[in-house]
Colleague: 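Starting off with a structure, shown below.
Quick caveat: nothing in here was measured; it's all calculated off a predicted structure.
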Amino acid sequence: MSAGTDAATGVPYAELVQADRVHSRLYTDPQVFADEMDRIFHSGWVYVAHTSEVGQPGDYVLKTIGTQPVIVSRDADGDVHVLFNRCSHLANLLCHDPRGNSSSFRCPYHGWTFRNDGDLVGVPFRPGYGPDFARADHGLARPAHTQEYRGFLFASVAADVPALAEFLGPARETIDRLCELSPEGEIELTAGWLHHRTETNWKIAFENEIDAYHGNFVHRSLTMMGNWSLVADADVTSEKALSQTRYLGNGHTDMDWRPQFRKVGRKYLWLGATAEEKLADYAGALARRHGREHADELLVDGPPHTMIFPNLFIAELFILVIEPLAAGGTIQHQAPIRWKGADQLNRRAFQLTGGSIGPAGMVIADDSAMYERNFRGMAAQRPEWLLRSRGLHREQTLPDGVEVSHATDDTSHRAFWRNYLRLMTGGGSGR
């Protein structure tokens, strides 16, 4: 089959994606999933980890690039490495514990041992490989490219990719905005991770995070309790809100609550409308870094709600990473964000995060139920198409190329699928 064709059916992908419709087959077909791993997750930049997760020499964590397991480690010199979690002998999974601290990794199958920088340092019964065997030739493999931006570590299995800065484009600004809420300009992901496995497709999870339309319905129970920050004084997902959905290019999307927050003009709406006096020390430290005027702007605007294609969700107070397993299997990994030098902020943010992603939280539980219902609904073969036409008549393209519309519109969904189609059909660079 050609590069732009679904191998299972012979149907060109372009016929399965239209301007305002997406065919159900793209969510359910195992062959489509396999093609996505090859053409998206294993052919471009993918978020892997945050460098704070391996803060000390010897620290390591297990992650994935698409379906490929990797080890992220920090060596004795402080350098961070991304290594494929596969012994270079017979491909046995080298490391099993999800995180830890070790200067080396020993394969349980035949005892081959590797330093945490990937170098092979021990081979039992080495003479059996003959006099020409060189350990230097058999270290752990690694992705073609690894690069970080403000602690966010990305990797690419493919050699031919644009520079990370080019790939991120305007999405860099959202990472900057997140980090600049710290008096030290850094965040950490050190509060622990929660892992939710759902019977759904990774694209359904992605689409949910760029969908503000569902908030007033799926999360109704939480809004009625009055402890969801976005309904305190500014319902950012209502039809009347000034909030926008923004497409930033290369698959990256942003739900921009700032226009509505600025209209209200009150600080900390994004933090549950917390009383300002409870965060006085934090606000003072932020003002010393940025100056009072800019610090006040940051405290009104709050952190971003941004999806960085294909798997990183910066969800205001927490990070969510999408791990695709199969056409009908996905893991969501979530961690509360901690801003360095901001203990008051972190305590309040952690309380709110528990209500959304914690074991008794509602947001992830609500969303996960919708994911699975969506995926199961795909088994009904009529109608074949999913509508993606909301707001088509009112979206705009700004002079900088960013596409915008009302927060509840499908602008970001349509742009996601255009980017998806470009990648799945072997198209060149573009938005």
Colleague: Is the shortest side-chain heavy-atom distance between L93 and P69 below 4.5 Å?
Modeller: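 Yes, side chains in contact.
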
Colleague: Between the side chains of E148 and T51, is a donor N or O closer than 3.5 angstrom to an acceptor N or O?
Modeller: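 Not at all, the side chains of E148 and T51 share no donor-acceptor pair under 3.5 Å.
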
Colleague: Please find the pair of heavy atoms, one from Q334 and one from I357, that lie closest to each other, and give the distance.
Modeller: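 Scanning both residues, the minimum pair turns out to be CB-CD1, 3.7 Å.
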
Colleague: Kindly say whether G55 contributes a backbone atom to a donor-acceptor pair with the side chain of S52 at under 3.5 angstrom?
Modeller: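 Not confirmed, S52 side chain does not pair with G55 backbone.
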
Colleague: Going by atom types alone, do Y371 and D366 pair a side-chain donor with an acceptor below 3.5 Å?
Modeller: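 Looking only at side-chain atoms, D366 and Y371 do not form any donor-acceptor pair under 3.5 Å.
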
Colleague: Donor-acceptor pair, H50 side chain versus T190 backbone, under 3.5 Å?
Modeller: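 Absent.
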
Colleague: Please evaluate residues H290 and E180 with respect to the criterion side chain to side chain donor-acceptor pair (under 3.5 Å), reporting the C-alpha separation (whole Å), side-chain torsions for both, the decisive distance (0.1 Å), and the verdict.
Modeller: CA-CA 9 Å; H290 296 294; E180 289 307 313; 3.3 Å; yes

Colleague: Can you tell me how far apart CZ (R388) and CG (L386) are? Round to the nearest 0.5 Å.
Modeller: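 These two atoms lie 6.0 Å from each other.
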
Colleague: Is it true that E36 and Y420 share a donor-acceptor pair across their side chains at a distance under 3.5 Å?
Modeller: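 Checked: Y420/E36 side chains pair up, N/O donor to acceptor below 3.5 Å.
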
Colleague: Would the distance check show the side chain of T330 and the main-chain N or O of T200 forming a donor-acceptor pair, the cut-off being under 3.5 Å?
Modeller: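 A pair under 3.5 Å: yes.
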
Colleague: Checking R115 against S104: is there a side-chain donor and acceptor pair closer than 3.5 Å?
Modeller: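 Their side chains do not contain a donor-acceptor pair, so the 3.5 Å distance test is not met.
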
Colleague: For a quick check under 3.5 Å, do D75 and N116 share a side-chain donor-acceptor pair by atom type?
Modeller: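 Side chains of D75 and N116: no pair found under 3.5 Å.
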
Colleague: Are K63 and W193 in a cation-pi setup, meaning NZ or CZ lies under 6.0 angstrom from the ring centre and within 45 degrees of the ring axis?
Modeller: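 So K63 does make the cation-pi contact.
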
Colleague: Nearest 0.5 Å, please: how far is CD in Q332 from CG in L320?
Modeller: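 Those atoms lie 5.0 Å apart.
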
Colleague: Donor-acceptor pair, N101 side chain versus P57 backbone, under 3.5 Å?
Modeller: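 Answer holds: yes.
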
Colleague: Are F416 and F206 an aromatic pair, judged by ring center distance below 6.0 Å?
Modeller: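 Under 6.0 Å, so yes.
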
Colleague: Measuring from atom NE2 of H294 to atom CG of D301, what distance do you get when rounded to the nearest 0.5 angstrom?
Modeller: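 If I round to the nearest 0.5 Å, the distance is 9.0 Å.
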
Colleague: Hey, does the side chain of D97 reach the backbone of R99 with a donor-acceptor pair shorter than 3.5 angstrom?
Modeller: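 Here the side-chain-to-backbone pair does not exist.
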
Colleague: Give a yes or no answer on whether the side chain of D409 reaches the backbone of S405 with a donor-acceptor pair at less than 3.5 Å.
Modeller: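 Pair absent, no side-chain N/O of D409 close to backbone of S405.
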
Colleague: Decide yes or no on side chain to side chain donor-acceptor pair (under 3.5 Å) for Y247 and D254, but give the supporting numbers first.
Modeller: CA-CA 6 Å; Y247 180 57; D254 181 46; over 6 Å; no

Colleague: Let's go through E207 and H413 carefully: what are the C-alpha distance in whole Å and the side-chain angles of both, what is the deciding distance for side chain to side chain donor-acceptor pair (under 3.5 Å) to 0.1 Å, and is it a yes or a no?
Modeller: CA-CA 7 Å; E207 287 182 312; H413 295 85; 5.0 Å; no

Colleague: Would a distance-only check, ignoring hydrogens and angles, find a side-chain to backbone donor-acceptor pair under 3.5 Å from D38 to D35?
Modeller: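 A pair under 3.5 Å: no.
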
Colleague: Evaluate ring pair (Phe, Tyr, Trp, His ring centres under 6.0 Å) for F154 paired with H145, printing each intermediate quantity in order.
Modeller: CA-CA 8 Å; F154 295 82; H145 301 282; over 10 Å; no

Colleague: Which value, rounded to the nearest 0.5 Å, describes the distance between Q147 atom CD and S156 atom OG?
Modeller: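 Separation between the atoms: 11.0 Å.
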
Colleague: Determine yes or no for a side-chain-to-main-chain donor-acceptor pair under 3.5 angstrom, with W45 supplying the side chain and P162 the backbone.
Modeller: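 Indeed, once roles are kept as given, a pair shorter than 3.5 Å links the two residues.
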
Colleague: Less than 6.0 angstrom separating the ring centers of F167 and H252, yes or no?
Modeller: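 Distance test on ring centres: under 6.0 Å, yes.
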
Colleague: Donor-acceptor pair, T174 side chain versus A171 backbone, under 3.5 Å?
Modeller: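 It does hold such a pair.
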
Colleague: Answer whether the closest heavy-atom distance between the side chains of L242 and W257 falls below 4.5 Å.
Modeller: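 With C-beta onward as the side chain, the pair stays apart.
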
Colleague: How many angstroms lie between CD in E173 and OG1 in T306, if you round to the nearest 0.5 Å?
Modeller: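 That separation rounds to 8.0 Å.
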
Colleague: Apply the test side chain to side chain donor-acceptor pair (under 3.5 Å) to residues Y60 and N85: give CA-CA distance (whole Å), side-chain angles for both, the deciding distance (0.1 Å), then the verdict.
Modeller: CA-CA 12 Å; Y60 69 87; N85 191 3; over 6 Å; no

Colleague: How far does CD1 of I319 sit from CD1 of I187, to the nearest 0.5 angstrom?
Modeller: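 Going from the CD1 atom of I319 to the CD1 atom of I187 covers 5.0 Å.
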
Colleague: Other residues, nucleotides and ligands only: do more than 12 of their heavy atoms fall within 6.0 Å of CZ on R246?
Modeller: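 Yes, because the 6.0 Å sphere around CZ of R246 holds more than 12 heavy atoms from other groups.
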
Colleague: So among R414, R418, R394, which one has a salt bridge (Lys or Arg N to Asp or Glu O under 4.0 Å) with E403?
Modeller: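 Of the listed residues R414, R418, R394, the salt bridge (Lys or Arg N to Asp or Glu O under 4.0 Å) partner of E403 is R418.
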
Colleague: Do Q244 and H406 have side-chain N/O donor and acceptor atoms under 3.5 Å apart?
Modeller: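 Their side chains do not contain a donor-acceptor pair, so the 3.5 Å distance test is not met.
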
Colleague: Any donor-acceptor pair under 3.5 Å linking the side-chain atoms of N216 with those of T237?
Modeller: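 Checked: T237/N216 side chains pair up, N/O donor to acceptor below 3.5 Å.
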
Colleague: For the residue pair H196 and H333, is the inter-centroid distance of their aromatic rings smaller than 6.0 Å?
Modeller: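 Between H196 and H333, the centre distance exceeds or equals 6.0 Å.
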
Colleague: Do the side-chain N and O atoms of E186 and W339 include a donor-acceptor pair separated by under 3.5 angstrom?
Modeller: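 W339 and E186 do not have a side-chain donor-acceptor pair below 3.5 Å.
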
Colleague: So, do F375 and T28 sit near enough that their side-chain heavy atoms are less than 4.5 Å apart?
Modeller: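 Of all side-chain heavy-atom pairs linking T28 with F375, at least one is under 4.5 Å.
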
Colleague: Does some side-chain heavy atom of L312 sit less than 4.5 Å from a side-chain heavy atom of F152?
Modeller: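 When only atoms from C-beta onward are counted, L312 and F152 do touch, with a gap below 4.5 Å.
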
Colleague: Would you say the side-chain atoms of T198 and S368 include a donor-acceptor pair closer than 3.5 Å?
Modeller: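 No.
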
Colleague: For residues F33 and W202, establish whether the separation of their ring centroids is below 6.0 Å.
Modeller: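 Between F33 and W202, the centre distance exceeds or equals 6.0 Å.
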
Colleague: Taking the six-membered ring for Trp, are W417 and Y27 closer than 6.0 Å centroid to centroid?
Modeller: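 Yes, close enough.
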
Colleague: Between the main-chain N or O of R258 and the side-chain N or O of D256, is there a donor-acceptor pair closer than 3.5 Å?
Modeller: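 Indeed, once roles are kept as given, a pair shorter than 3.5 Å links the two residues.
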
Colleague: Is the ring centre of F105 less than 6.0 Å from the ring centre of F114?
Modeller: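 Here the rings of F114 and F105 have centres that are no less than 6.0 Å from each other.
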
Colleague: Measure across R177 and G302 and return the closest heavy-atom pair with its distance rounded to 0.1 Å.
Modeller: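 The pair with the smallest heavy-atom distance is NH1-O, 3.5 Å.
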
Colleague: Does some side-chain heavy atom of L325 sit less than 4.5 Å from a side-chain heavy atom of I331?
Modeller: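 When only atoms from C-beta onward are counted, L325 and I331 do touch, with a gap below 4.5 Å.
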
Colleague: Do the charged groups of R338 and E188 touch, with an N to O distance under 4.0 Å?
Modeller: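 No.
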
Colleague: Is the charged tip of R390 near the ring of Y213: under 6.0 Å from the six-membered ring centre and within 45° of its axis?
Modeller: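 That pair qualifies as a cation-pi contact.
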
